[in-house]
K.L.:
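Mind having a look at this structure? Questions to follow.
As the structure lists them, so they are numbered: ligands from 1, and atoms in each ligand from 1. For clarity, every value in this text was computed on a predicted model and none was experimentally measured.
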Amino acid sequence: MPTPTFREPIWRKSERWAGAAGPLRVRVPLELLAIGGGFLGLSTALHAARQGLSVAVAEAGSIGEGASGLNGGHVIPGFKYDPDRLVELFGDARGNAMAAFGATTADAVFDLIASERLDVPHVRLGWIQAAHTNAALAAIEKRDRAWKSFGADVATLSADKIAQLTGARGYLGGWLDRRAGVVDPLSLVTELACVARAQGVQIGEGVRIVSLRRNGTLWSAEMDTGTTIEARHVLIATNADTDGLIPGLAQTLVPLHSFQIATAPLPPEIGATILAEGQAVSDSRRILVYYRKTADGRLVLGGRGRMAVPQDPSDWRHLERALLRLYPELAGIAIDRRWFGRVAMTADHLPHIHEPEPGLLTLVGCQGRGVALMIAMGRRFADYLAGGDREALPLPVTPVSPIPLHRFRRVGIAAAIGWYRALDAFER
Ligand SMILES: Cc1cc2nc3c(=O)[nH]c(=O)nc-3n(C[C@H](O)[C@H](O)[C@H](O)COP(=O)(O)OP(=O)(O)OC[C@H]3O[C@@H](n4cnc5c(N)ncnc54)[C@H](O)[C@@H]3O)c2cc1C
């Protein structure tokens, strides 16, 4: 029997995506080469092609093989920081512009699904942030005030209301963000590839870019086959899989593992009491778990996993324990699938845009919240590539600045995760 890789999610590929294996044959210089065929690379490619640019996407594996096909499918607007904190950090103009962009990122996903009639299972009934301590409740109330003053459709939830919506044990209250929802992420990324290709984007799977060289006003990207592609602009859309194409970029990130489990379809009498209205949930623990139901009635729950590559189903045991803590009635329900992927964290918990040389652009550091962000950023990058107005980008363009002692950060983070789990167990 082959050794499991734990890289096969419960999600399904678009039926009309037949793949794009084989070399990219590009004979004349392109306007844009996107490296990475996830949400960011494909969304930028689609919108750039719509603006009349000639575009190709090089994906080292297959479409959806990265985080975009492996994630939990929670479509959550905004950044980790609320509007008031963004203003504190970046000042009025930039902070408010970032918050205004953040407020619309989930719209970008659901508008795309609707306008392109994408065949993507989805529900837009909101995302719940669930509080398990009084301190978390206070933080949620502050968050509610910050977003309400920004005009967002959000509400606090009492202990009774959150128990009714989630069916879960142990929450003191929560926050509902009605702008959010859930999608099947693998359907979304492969459907996005279909519409990008229909718009004229060339897509190559199994095409790894191994080096980049500037050649006057053009970039020359060498593929692992030894041949090159020339383009006026290159977008590095490799997020947690970032390698050495831009010196120092990988050292600005700490890639962490996020693990997920999917139950068997729940028996109807139990399923009706769990997330009855279809919201997604993240809880307030420092090492949070996040969960949702699928179109076929499974519960999919995710959370941080060990730093080493998992070898065995027992590496998911902490998530199975979390599932039963929330829903003791699920004891005895089979876990049908376990998988994992990498999320890219930055030191300041914000995504970073860099343009270290003219024509070489990147956005990295999704903090585990990149479904809405990366799709929305694609349109803004395409506007920038077509129009050249850097100030119109929703995030500042910053220099690549590696995390000091980067090599040792992973060890420190692994130790901190153990400590936070212990605190979560004791704090009430
Ligand atoms: C388990 C998990 C759960 C998550 N849950 C959520 C969630 O519920 N909600 C949410 O908002 N976010 C979530 N995220 C984060 C979200 O999935 C990511 O932020 C988002 O998918 C990043 O998209 P991307 O296009 O930037 O990168 P990716 O989708 O990772 O794509 C990068 C691609 O680049 C390719 N690549 C790398 N190097 C090269 C090269 N040299 N040449 C060519 N190709 C290359 C890789 O093969 C990969 O396919 C989760 C992530 C994980 C891993």
Side-chain angles (χ1 to χ4, degrees), residues 6-7 9-11 24 33-45 56-80 105-106 109 127 180-186 188-189 192-193 203-212 221-224 229 234-246 249-250 253 255-261 280-282 288-292 300-305 310 319 338-345 351 362-378 381:
F6 299 111
R7 300 286 280 184
I10 203 77
W11 315 122
L24 266 179
L33 171 66
I35 303 176
F39 291 139
L40 181 63
L42 289 168
S43 175
T44 309
V57 174
E59 165 53 50
S62 55
I63 297 297
E65 192 176 297
S68 297
L70 294 167
N71 65 73
H74 298 212
V75 182
I76 305 172
F79 302 98
K80 291 272 161 154
T105 56
V109 175
W127 166 69
V182 290
V183 294
D184 176 321
L186 185 56
L188 180 57
V189 71
L192 186 54
I203 299 178
E205 293 181 309
V207 177
R208 179 172 290 280
I209 303 298
V210 292
S211 71
L212 289 172
E222 189 189 352
M223 295 180 270
D224 50 3
I229 299 177
V234 170
L235 170 71
I236 311 267
T238 53
N239 199 41
D241 293 328
T242 294
D243 48 23
L245 289 174
I246 296 182
L249 184 61
L253 303 171
L256 295 183
H257 284 166
S258 193
F259 283 31
Q260 293 189 78
I261 51 177
V281 182
S282 302
L288 61 81
V289 291
Y290 52 93
Y291 49 99
R292 56 161 295 178
V300 174
L301 179 140
R304 200 66 56 72
L319 294 185
R338 298 170 177 84
W339 73 98
F340 80 107
R342 270 190 299 276
V343 300
M345 311 297 283
T362 188
L363 166 64
V364 287
C366 66
Q367 324 297 317
R369 195 189 273 199
V371 175
L373 171 76
M374 296 304 193
I375 286 186
M377 269 310 301
F381 271 160

K.L.:
Taking only heavy atoms of I35 into account, list the atoms of ligand 1 that are under 4.0 Å away from them.
P.N.:
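Close to I35: 40 (C), 42 (N), 43 (C).
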K.L.:
Can I10 and Q260 be said to form a side-chain contact (heavy atoms from CB on, under 4.5 Å), step by step?
P.N.:
CA-CA 10 Å; I10 203 77; Q260 293 189 78; over 6 Å; no
K.L.:
Geometry only, no angles: is F340 polar-contacting ligand 1 at N/O separations under 3.5 Å?
P.N.:
no
K.L.:
Does any non-hydrogen side-chain atom of V234 lie less than 4.5 Å from one of L245?
P.N.:
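Heavy-atom side-chain distance check fails, nothing below 4.5 Å.
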K.L.:
Looking only at protein heavy atoms, which one is nearest to atom 13 (C) of ligand 1, and what is the separation?
P.N.:
G368 O, 3.2 Å
K.L.:
Just which atoms of ligand 1 are under 4.0 Å from any heavy atom in L40?
P.N.:
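It comes down to these atoms of ligand 1: 25 (O), 26 (O).
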K.L.:
Using a 4.5 Å cut-off on heavy atoms from C-beta on, say whether the side chain of V371 contacts that of P185.
P.N.:
no
K.L.:
Under the rule for side chain to side chain donor-acceptor pair (under 3.5 Å), what residues qualify as partners of R292, not counting sequence neighbours?
P.N.:
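Partners of R292 by the side chain to side chain donor-acceptor pair (under 3.5 Å) criterion come out as none, since no residue qualifies.
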K.L.:
With side chains defined as the heavy atoms from C-beta onward, is the minimum distance between V189 and W11 less than 4.5 Å?
P.N.:
no
K.L.:
Where is the nearest protein heavy atom to atom 9 (N) of ligand 1: which residue, which atom, and how far?
P.N.:
H74 O, 2.8 Å
K.L.:
Taking all atoms of both residues into account, what is the closest heavy-atom pair of L70 and P9, and its distance?
P.N.:
CD2-CD, 3.8 Å
K.L.:
Pull out every atom of ligand 1 sitting under 4.0 Å from any heavy atom of R342, numbered as shown with elements.
P.N.:
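Near R342, the atoms of ligand 1 are 53 (C).
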K.L.:
Specify side chain, backbone, both or neither for I63, according to which of its non-hydrogen atoms lie closer than 4.0 Å to ligand 1.
P.N.:
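Contact part for I63 vs ligand 1: neither.
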K.L.:
I'd like to know if V210 contacts ligand 1, where contact means a heavy-atom distance under 4.0 Å to any ligand atom.
P.N.:
no
K.L.:
Main chain of G365, side chain of N239: is a donor-acceptor contact present, judged purely on distance under 3.5 Å?
P.N.:
yes
K.L.:
Answer side chain, backbone, both or neither: which part of M374 comes under 4.0 Å from ligand 1, heavy atoms only.
P.N.:
side chain
K.L.:
How close do A221 and I209 get, heavy atom to heavy atom, and via which atoms?
P.N.:
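For A221 and I209, the tightest heavy-atom pair comes out as CB-CG2, 3.9 Å.
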K.L.:
Give the intermediate values and the outcome of side-chain contact (heavy atoms from CB on, under 4.5 Å) for residues L373 and F79.
P.N.:
CA-CA 8 Å; L373 171 76; F79 302 98; 3.7 Å; yes
K.L.:
Tell me which protein heavy atom sits closest to atom 5 (N) of ligand 1, plus the residue, atom name and distance to 0.1 Å.
P.N.:
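That would be G72 N, 3.1 Å.
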K.L.:
Report yes if the side chains of E205 and I63 come closer than 4.5 Å at any heavy-atom pair, otherwise no.
P.N.:
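Side-chain contact under 4.5 Å: yes.
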K.L.:
Is F39 in polar range of ligand 1, meaning some N or O pair under 3.5 Å apart?
P.N.:
yes
K.L.:
Start with the C-alpha gap between L212 and I35, add the side-chain angles, then the distance that decides, and say whether side-chain contact (heavy atoms from CB on, under 4.5 Å) holds.
P.N.:
CA-CA 11 Å; L212 289 172; I35 303 176; 4.2 Å; yes
K.L.:
I'd like to know if A237 contacts ligand 1, where contact means a heavy-atom distance under 4.0 Å to any ligand atom.
P.N.:
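It does, in that a heavy atom of A237 comes within the 4.0 Å cut-off of ligand 1.
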K.L.:
Please state which option from N71, N239, T105, V364 has its nearest heavy atom closest to atom 14 (N) of ligand 1.
P.N.:
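Heavy atom nearest to atom 14 (N) of ligand 1 belongs to N71.
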K.L.:
Is a side-chain N or O of T105 found less than 3.5 angstrom from the main chain of A372, in a donor-acceptor match?
P.N.:
no
K.L.:
Any atoms of ligand 1 less than 4.0 Å from a non-hydrogen atom of R369? List them with their elements.
P.N.:
10 (C), 11 (O), 12 (N)
K.L.:
Among all the protein's non-hydrogen atoms, which is closest to atom 47 (O) of ligand 1, and how far away is it?
P.N.:
E59 OE2, 2.6 Å
K.L.:
How far is atom 52 (C) of ligand 1 from its nearest protein heavy atom, and which residue and atom is that?
P.N.:
V343 CG1, 3.6 Å
K.L.:
Counting N and O atoms only, with roles assigned by atom type, does the side chain of R369 sit under 3.5 Å from a partner on the main chain of P77, one being a donor and the other an acceptor?
P.N.:
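Yes; at least one donor-acceptor contact below 3.5 Å.
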K.L.:
Are side-chain heavy atoms of F39 and M377 found at a separation under 4.5 Å?
P.N.:
no
K.L.:
Which protein non-hydrogen atom lies closest to atom 20 (C) of ligand 1, naming both residue and atom, and how far is it?
P.N.:
S68 OG, 4.0 Å
K.L.:
Have a look at ligand 1 and work out which part of A58, if any, has a heavy atom under 4.0 Å from it: side chain, backbone, both or neither.
P.N.:
backbone
K.L.:
Which residues satisfy the side chain to side chain contact (heavy atoms under 4.5 Å, CB included) test with S43, sequence neighbours excluded?
P.N.:
H47, L192, I375
K.L.:
Within a distance under 4.0 Å of any heavy atom of V371, pick out the atoms of ligand 1 and give their elements.
P.N.:
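So the answer, numbered in order with elements, is 9 (N), 10 (C), 11 (O), 12 (N).
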K.L.:
For I76, state whether at least one heavy atom is located under 4.0 Å from any atom of ligand 1.
P.N.:
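Contact check I76 vs ligand 1: negative.
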K.L.:
Using a plain distance cutoff, I'd like to know if D243 has any nitrogen or oxygen under 3.5 Å from a nitrogen or oxygen of ligand 1.
P.N.:
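Right, the criterion is met.
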K.L.:
Side chain or backbone, does L70 bring an N or O within less than 3.5 Å of an N or O on ligand 1?
P.N.:
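N/O-N/O distance below 3.5 Å does not exist for this pair.
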K.L.:
H257 and ring pair (Phe, Tyr, Trp, His ring centres under 6.0 Å): which single residue from W339, F340, F6 fits?
P.N.:
F340
K.L.:
What protein heavy atom lies closest to atom 39 (C) of ligand 1? Include the residue and the distance to one decimal.
P.N.:
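Its nearest protein heavy-atom neighbour is T238 CG2, 3.7 Å.
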K.L.:
Looking only at N/O atoms, are I209 and ligand 1 under 3.5 Å apart anywhere?
P.N.:
yes
K.L.:
Within less than 4.0 angstrom of ligand 1, does G73 place any heavy atom?
P.N.:
yes
K.L.:
Ignoring hydrogens and geometry, is there a side-chain-to-backbone donor-acceptor pair from E59 to E65 under 3.5 Å?
P.N.:
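Flag not set: sc E59 to bb E65 has no pair under 3.5 Å.
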K.L.:
Please state which part of Y290 comes within less than 4.0 Å of ligand 1, counting heavy atoms only: side chain, backbone, both or neither.
P.N.:
side chain
K.L.:
Just to be sure I read this right, does ligand 1 sit under 4.0 Å from the backbone of Q260, its side chain, both, or neither, counting only heavy atoms?
P.N.:
side chain
K.L.:
Number the atoms of ligand 1 from 1 as they appear, then name those within less than 4.0 Å of a heavy atom of G38, with their elements.
P.N.:
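By the 4.0 Å cutoff, the relevant atoms are 25 (O), 29 (O), 31 (O).
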K.L.:
Give yes if a backbone or side-chain nitrogen or oxygen of A67 is under 3.5 Å from a nitrogen or oxygen of ligand 1, and no if not.
P.N.:
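Checking ligand 1 against A67, an N or O pair does fall under 3.5 Å apart.
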K.L.:
Which residue supplies the protein heavy atom nearest to atom 18 (C) of ligand 1, what is that atom called, and how far is it?
P.N.:
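Protein heavy atom at minimum distance: C366 SG, 3.7 Å.
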K.L.:
Please report the shortest heavy-atom distance between D184 and L186, naming the atom on each side.
P.N.:
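Closest pair (atom of D184, atom of L186, distance): OD1-N, 3.1 Å.
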K.L.:
Atoms of ligand 1 less than 4.0 Å from D241 heavy atoms?
P.N.:
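Checking each atom against D241, I get 37 (C), 38 (N), 46 (C), 48 (C).
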